[in-house]
Engineer: 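Below is a structure I'd like to ask you about.
Reminder, nothing fancy here: chain letters follow the sequence lines and each chain counts from 1. Heavy atoms only: backbone and side chains are in, while hydrogens, waters and symmetry mates are out.
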Protein chains: 2
Amino acid sequence: MEEGNLAGKKPVTLKTIGEKLNISATAVSKALRGDRSISEETTRKVKKLVEELNYRPNSIAKSLRTNETKTLGLVISDSTLSLFAPVIEGVEKVASEKGYSIILADAHSNVEKEKEAVRTLVSHRIDGFMLATSMLTGEEHKSFLDSFGIPYLFLLRKCEYESGNYVINDNVYGTCQMINHLIKTNSKRIHFINIAKSITTAAERERGYREALEANGIAFDKSIVYNVNPSFDEGYHQMSHILDAGEPVETVFCGCDMIAVGAMNSIIEKGYRIPEDIRLASYDDIEFAKYLRVPLTTVRQPKYRIGELGAQMLIEMITKDKDLHIDVVLKPELVLREST
Amino acid sequence: MEEGNLAGKKPVTLKTIGEKLNISATAVSKALRGDRSISEETTRKVKKLVEELNYRPNSIAKSLRTNETKTLGLVISDSTLSLFAPVIEGVEKVASEKGYSIILADAHSNVEKEKEAVRTLVSHRIDGFMLATSMLTGEEHKSFLDSFGIPYLFLLRKCEYESGNYVINDNVYGTCQMINHLIKTNSKRIHFINIAKSITTAAERERGYREALEANGIAFDKSIVYNVNPSFDEGYHQMSHILDAGEPVETVFCGCDMIAVGAMNSIIEKGYRIPEDIRLASYDDIEFAKYLRVPLTTVRQPKYRIGELGAQMLIEMITKDKDLHIDVVLKPELVLREST
DNA sequence: ATGAAAGCGCTAACAC
DNA sequence: GTGTTAGCGCTTTCAT
């Protein structure tokens, strides 16, 4: 038996240890936590027995007593796990370093399921939670989220009210930089297949797009801006519609990489070359953007960093100041590849 | 206030509810769990108040009492999240349907960290756990894993001892099918860039490779079989070495998609065409295999299904029979794309 | 049909 | 230095 309590045997508790040593469970508890009021002698004996019996503290009991579980909830929306994966890694890294575990819940891109996910997390008495690309960013959900009296923050997507906490990248800046770059490199007319308007990010990216056009004296043309769900299929179909309409297409900027992958396939299928005939760029820089048929020019969201900072800020809120206002906006970076 | 206990206010418990209704906490508890010994009248009143006060049961307290937490541990190895993502989704789906939550732990591709991850999960008193592409598949770790007296199983990767539980795909069959297909379509000499030997999967895939060669009367040539870590970089470098050596390369089969992506880039960089000059195939079918520079022919592991079945089997072990022996081997499927 | 009491394993407050 | 008591919120007996 290497460690732990063997199946079937009754678990080792503080009391078990105390009985064997003829001291109280309290003393054992104190000894284990290094309380100086316990003699060195006793502490030594306790630690030895703990080792021998492979005692593992019952964190459930501890949590009930101390009212903290050392767990963080992470709600994700399943649409694009390729976007979440690095965020999860970043969260997990910081959390585990600070002694927290992650309980994962999937919202399945559905408001009701997301609320249910939060309720489930709360019933597990997580110390705080994070919402990645949440659908609950609107003011109307604020009271729901606040009602639990637990710190929380948004990752990747901003909430719509002033007082909310979030860790995001600067979508206006990133888009503006990219559009600016495209214009400087000879794109005059840029089709924009943006993500759906229901997502707060969409408005920010549109703003960046408009600002860049304006700065370069190009008129905004509503008729070449589209909004679709962030999926391969919708990107593919929207691009096909545009191409089928027969109007000249010079440059396409997509609101996220998954849309761009769909658009890319449509463009290639119809016999156009990228970037010779049509230049293509987008946003996110998911892992495989560089491995696509044509490596994709895109704006890199610091996903891993967002995860790290999110966990760090949340733990800050939990341990230091519940009312901390988190408003972290990271600068994204242009990644120029062959698609432009 | 929409629901939950407001920040600052003291939490609503069974006792709170009981006091308002002038009944005992016990009665409230029973009413909530639909115990027939409580009158309809009372049950109705309890439910109404629960709604009003937004009572949420404290699952920590419940767990302490009942000795079950309704949580499942999932240990992943961070090497290729693109491989895990669908597995996690499958696990989460089944788990949440059955009322379980997932605690995630990352082993960071490191044996000691993986053991530490398991210990952390156990200290949270998870009801069972899963190890995805674990490094603890060897006999020497069995007693460690068994010592906690908690059901567990392996996902994606098999343990090396008879009595262990796992949900995997048939690597011998999958590889054999693919190699067989390649041979039938005119490949006679197939370079094999397999994953590292330390991974149990490697041996299975090599066996499939050898069986297919043998069945087709082709001699096994040790000199064109390589073992590298499953990463882009190692695939890229191994392929470059082979190409630089100047020997003729006709067909390359990689032990996993990430290696193939690296190999693909090397092949293209050196000016060869896929599949005209070199045919390329591999194993896994990660999400972006179909979006690569050259869409990849590969063996599809049923990743989502493995997650679903894993969670289902584990819950079975937890609720029905601790000693259930799980030995699920799913048949993979060939996916033929442009790289061959 | 309802309640009182005990206890899950732990920690905190306060004795001695 | 160490022990006693109490209680976190819940469920489970066993009375009534």
Side-chain angles (χ1 to χ4, degrees), chain A residues 4-5 9-47 49-50 53-71 122-127 148-149, chain B residues 4-5 9-47 49-50 53-71 99 122-127 149:
Chain A
N5 42 291
K9 290 234 179 115
K10 77 157 65 114
V12 179
T13 71
L14 291 179
K15 201 169 153 218
T16 325
I17 310 235
E19 279 167 0
K20 304 230 185 215
L21 255 33
N22 275 319
I23 57 175
S24 74
T26 310
V28 178
S29 170
K30 284 180 178 163
L32 251 24
R33 279 173 299 139
D35 191 310
R36 317 252 317 175
S37 76
I38 302 291
S39 71
E40 295 224 347
E41 167 74 2
T42 309
T43 303
R44 220 181 27 69
K45 280 199 281 189
V46 166
K47 293 210 164 142
L49 198 53
V50 158
L53 299 179
N54 269 300
Y55 165 75
R56 312 243 98 214
N58 183 334
S59 71
I60 294 294
K62 179 175 176 177
S63 293
L64 180 61
R65 183 63 237 238
T66 60
N67 227 10
E68 61 165 25
T69 54
K70 289 287 190 176
T71 56
V122 170
S123 86
H124 281 295
R125 291 301 193 260
I126 37 106
D127 296 335
F148 303 107
Chain B
N5 43 289
K9 288 229 181 119
K10 75 158 64 114
V12 179
T13 70
L14 289 180
K15 198 166 155 223
T16 325
I17 311 236
E19 279 166 1
K20 304 231 185 212
L21 255 31
N22 275 319
I23 57 175
S24 73
T26 310
V28 178
S29 170
K30 284 180 177 163
L32 250 24
R33 280 172 299 138
D35 190 311
R36 318 249 319 170
S37 76
I38 302 294
S39 73
E40 296 225 343
E41 168 74 1
T42 309
T43 303
R44 221 182 25 70
K45 281 199 282 190
V46 166
K47 293 209 164 143
L49 197 54
V50 158
L53 300 178
N54 269 299
Y55 164 75
R56 309 248 97 215
N58 183 333
S59 70
I60 294 293
K62 179 175 174 179
S63 293
L64 181 59
R65 183 63 237 238
T66 59
N67 226 9
E68 62 165 26
T69 55
K70 289 285 188 178
T71 56
V122 170
S123 85
H124 283 294
R125 291 299 194 259
I126 37 109
D127 297 336

Engineer: Using whole Å, report how far CD1 of B:Ile38 lies from C1' of D:dT11.
Structural biologist: 13 Å
Engineer: Which heavy atom of B:Leu32 sits nearest to which heavy atom of B:Leu14, and what is that distance?
Structural biologist: CD2-CD2, 4.0 Å
Engineer: Would you say A:Ser37 reaches D:dG1's phosphate, i.e. side-chain N/O to OP1/OP2 under 4.0 Å?
Structural biologist: no
Engineer: Rounded to whole angstroms, how far apart are CD1 on A:Ile23 and C1' on D:dG1?
Structural biologist: 11 Å
Engineer: The criterion is salt bridge (Lys or Arg N to Asp or Glu O under 4.0 Å); which residues satisfy it with A:Glu40, sequence neighbours excluded?
Structural biologist: none
Engineer: For the pair made of CG in B:Asn67 and P in D:dC10, what is the distance, rounded to whole Å?
Structural biologist: 17 Å
Engineer: Just to be sure I understand the rule, does B:Asp35 reach a base, reach only the sugar-phosphate, or reach nothing, if contact means heavy atoms closer than 4.0 Å?
Structural biologist: nothing
Engineer: Can you see which heavy atom on B:Glu68 is nearest to which on B:Ser63, and at what distance?
Structural biologist: O-OG, 3.0 Å
Engineer: Could you tell me which non-hydrogen atom of A:Ile126 sits nearest to which non-hydrogen atom of A:Thr69, and how far apart they are?
Structural biologist: CA-OG1, 3.6 Å
Engineer: If I take atom CD1 in residue B:Ile60 and atom P in nucleotide C:dG9, what distance separates them, rounded to the nearest angstrom?
Structural biologist: 15 Å
Engineer: With a 4.0 Å cut-off on heavy atoms, is B:Thr42 in touch with a base, just the backbone sugar-phosphate, or nothing at all?
Structural biologist: sugar-phosphate
Engineer: Could you tell me the separation between the CG atom of B:Leu21 and the C1' atom of C:dG3, rounded to a whole number of Å?
Structural biologist: 15 Å
Engineer: Identify the heavy atoms of A:Arg56 and B:Arg125 that sit nearest to each other, and give their distance.
Structural biologist: O-NH2, 3.7 Å
Engineer: So if I define the base as every atom that isn't primed, P, OP1 or OP2, how would nucleotides 10-16 of chain C read as a B/S/- string at a heavy-atom cutoff under 4.0 Å?
Structural biologist: BBBBB--
Engineer: A:Leu64 or B:Thr43: which one's nearest nucleotide on DNA chain C is closer to the 5' end?
Structural biologist: B:Thr43
Engineer: Rounded to the nearest Å, what distance is computed from the CD1 atom of residue A:Ile17 to the C1' atom of nucleotide D:dT2?
Structural biologist: 17 Å
Engineer: Counting only side-chain nitrogens and oxygens, does B:Ser39 get under 4.0 Å of the OP1 or OP2 atom of C:dT2?
Structural biologist: yes
Engineer: Quick check against the 3.5 Å criterion: does A:Ser123 have a side-chain atom that pairs as donor or acceptor with the backbone of B:Ser59?
Structural biologist: no
Engineer: Name each donor-acceptor pair under 3.5 Å that joins a side chain in residues 17-27 of chain B to protein atoms two or more places apart or in another chain, with its distance.
Structural biologist:
unit_1	atom_1	unit_2	atom_2	d
B:Ser24	OG	B:Thr26	N	3.4
B:Ser24	OG	B:Ala27	N	3.1

